[in-house]
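In this text, all values refer to a predicted model and were calculated from it rather than measured experimentally. All residue numbers refer to positions in the sequence shown, counting from 1.
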Amino acid sequence: MLKGVILIVCAATCWGMGGVSGQYLFEYHQVDSVWLVMVRQIIGGLLFLGYAALVQKQNVVRALLDNSKDLVEFSFLGILGAQLGFYYSITLCNAATATVLQYMAPIYVMLWMSYKNRRWPEGRELVGIIGAVTGVFLIATHGSLDSLALSPAALVIGLVSAMSYAYYSIKPVEMLKKYYATIIIGWGQLLSGLFLILWRNPFAPVGDWDWRALLAVGYLILGATIASYALYLQGLKIVGPTKASLISCAEPLASIISVVLLLDTKLLPPDLIGMGCIIFTVLMLSLPKK
């Protein structure tokens, strides 16, 4: 169990830094978010599938044919919704806020598991729901009902992204019992990336490019895609979907610290309090029951 927790924390930290890299590319290099997600998914998917086929000696084509429906659902409802929603919401606010909004996912997972098990959320879980909703309220309004501090688009897209992230945590559990994580994530990444070619030309990048921008994209592919997904799915096999979503609260912490220190993003007290409510909720719910 400890190994699974460590794997997911490491994955979450890689993800958190990925959001910061995305904000850097959007703010300082005017990179298009759809193009960035598309290229990231395609290259990441090819690398995962190549490793599965050449190193792990797996029949990746057979895995797709035998599980096409599940892999397509995982790709579009899970990976594409979570990643495109996340990076697009960064363009509307900032990496820390987008990350914390996405971490409403544990609440969705908890509600789904309660429904699946035909039971009402328990006392601590109800407190968690209240804490998460309070956090979103503070981030969106700064405590005032008269106006929104966060744009409606950023709020809606961030919360929808969280739903996709919750689905991403639940959907692959059965497939991971039969196949390597590299195959599942590889097809999920590749299919979602190829779908975006309908809207963007992968060979026509938008933005101002220099070595710093290329370094940030490289990290998004190798660190925030390859390493993070591999670590997360391996940890998911050990601890299960509910704990996997809850323990990964290291991502918003890494994102908040990084955007403030590295990108000089200004977060007001209501933002920090709201983020704290959501992170505290995740931490509380991740504690084992007595």
Side-chain angles (χ1 to χ4, degrees), residues 8-31 33 36-37 40 81-108 131-144 148-166 168 216-217 219-220 223-225 228 232 245-284 286:
I8 293 171
V9 168
C10 291
T13 303
C14 289
W15 268 323
M17 294 303 297
V20 176
S21 297
Q23 182 176 332
Y24 169 75
L25 289 168
F26 303 145
E27 285 189 2
Y28 294 94
H29 296 276
Q30 293 74 53
V31 174
S33 59
L36 182 65
V37 171
R40 177 184 184 229
Q83 291 305 302
L84 185 57
F86 173 62
Y87 281 99
Y88 186 67
S89 63
I90 289 177
T91 67
L92 301 174
C93 50
N94 58 72
T97 302
T99 301
V100 172
L101 286 177
Q102 193 176 63
Y103 268 74
M104 286 292 288
I107 301 298
Y108 299 140
V133 171
T134 301
V136 172
F137 171 77
L138 289 173
I139 291 171
T141 68
H142 285 179
S144 172
L148 286 175
L150 187 66
S151 74
L155 180 60
V156 171
I157 293 172
L159 293 177
V160 170
S161 172
M163 292 182 187
S164 293
Y165 185 29
Y168 170 83
V217 172
Y219 173 78
L220 280 172
T225 302
S228 62
Y232 183 81
S245 289
L246 299 174
I247 296 168
S248 53
C249 62
E251 179 178 353
L253 288 173
S255 183
I256 292 168
I257 294 171
S258 298
V259 297
V260 172
L261 295 181
L262 301 179
L263 300 181
D264 198 29
T265 298
K266 304 299 181 185
L267 297 176
L268 299 177
D271 294 316
L272 296 174
I273 295 171
M275 293 174 181
C277 287
I278 295 174
I279 295 171
F280 175 76
T281 293
V282 173
L283 284 170
M284 179 185 67
S286 68

Under 3.5 Å, which donor-acceptor pairs link side chains of residues 156-163 to any protein atom two or more places apart or in another chain?
{"from": "Ser161", "atom 1": "OG", "to": "Ala82", "atom 2": "O", "distance (Å)": "3.0"}
{"from": "Ser161", "atom 1": "OG", "to": "Gln102", "atom 2": "NE2", "distance (Å)": "2.7"}

For the [atom1] atom of [X] and the [atom2] atom of [Y], what is their distance to the nearest 0.5 Å?
X	Y	atom1	atom2	answer
Leu261	Ile256	CG	CD1	11.5 Å
Leu155	Ser89	CG	OG	10.5 Å
Leu272	Ile139	CG	CD1	9.5 Å
Leu25	Tyr87	CG	OH	9.0 Å

**Asked** Is a donor on one side and an acceptor on the other found under 3.5 Å between the side chain of Thr91 and the backbone of Tyr88?
**Response**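 Yes, Thr91 side chain to Tyr88 backbone: donor-acceptor pair under 3.5 Å.
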**Asked** Any donor-acceptor pair under 3.5 Å linking the side chain of Arg40 with the backbone of Ala224?
**Response**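 Yes: the side chain of Arg40 pairs with the backbone of Ala224.
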Of the non-hydrogen atoms in [X] and [Y], which two are nearest, and what is the gap between them?
X	Y	value
Ala154	Leu101	O-CD1, 3.9 Å
Ser228	Cys14	CB-CB, 3.7 Å
Ile90	Ala98	CG1-CB, 3.6 Å
Ala95	Val20	CB-N, 3.9 Å

**Request:** Using a 4.5 Å cut-off on heavy atoms from C-beta on, say whether the side chain of Phe86 contacts that of Thr99.
**Result:** yes
**Message:** Could you check whether any side-chain heavy atom of Met275 comes within less than 4.5 Å of a side-chain heavy atom of Thr97, counting everything from C-beta outward?
**Reply:**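 Sidechains of Thr97 and Met275: in contact.
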**side-chain contact (heavy atoms from CB on, under 4.5 Å) partners for Leu268, two or more places apart** =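 Once residues adjacent in sequence are excluded, the partners of Leu268 under the side-chain contact (heavy atoms from CB on, under 4.5 Å) criterion are His142, Pro270, Asp271.
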**Asked** With sequence neighbours left out, what residues match Thr265 under side-chain contact (heavy atoms from CB on, under 4.5 Å)?
**Response** Gln23, Asn94, Val259, Leu263, Leu267
**Prompt:** Should the heavy atoms of other residues, nucleotides or ligands under 6.0 Å from CZ of Phe26 be counted, would the total exceed 12?
**Reply:**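 Correct, the count exceeds 12.
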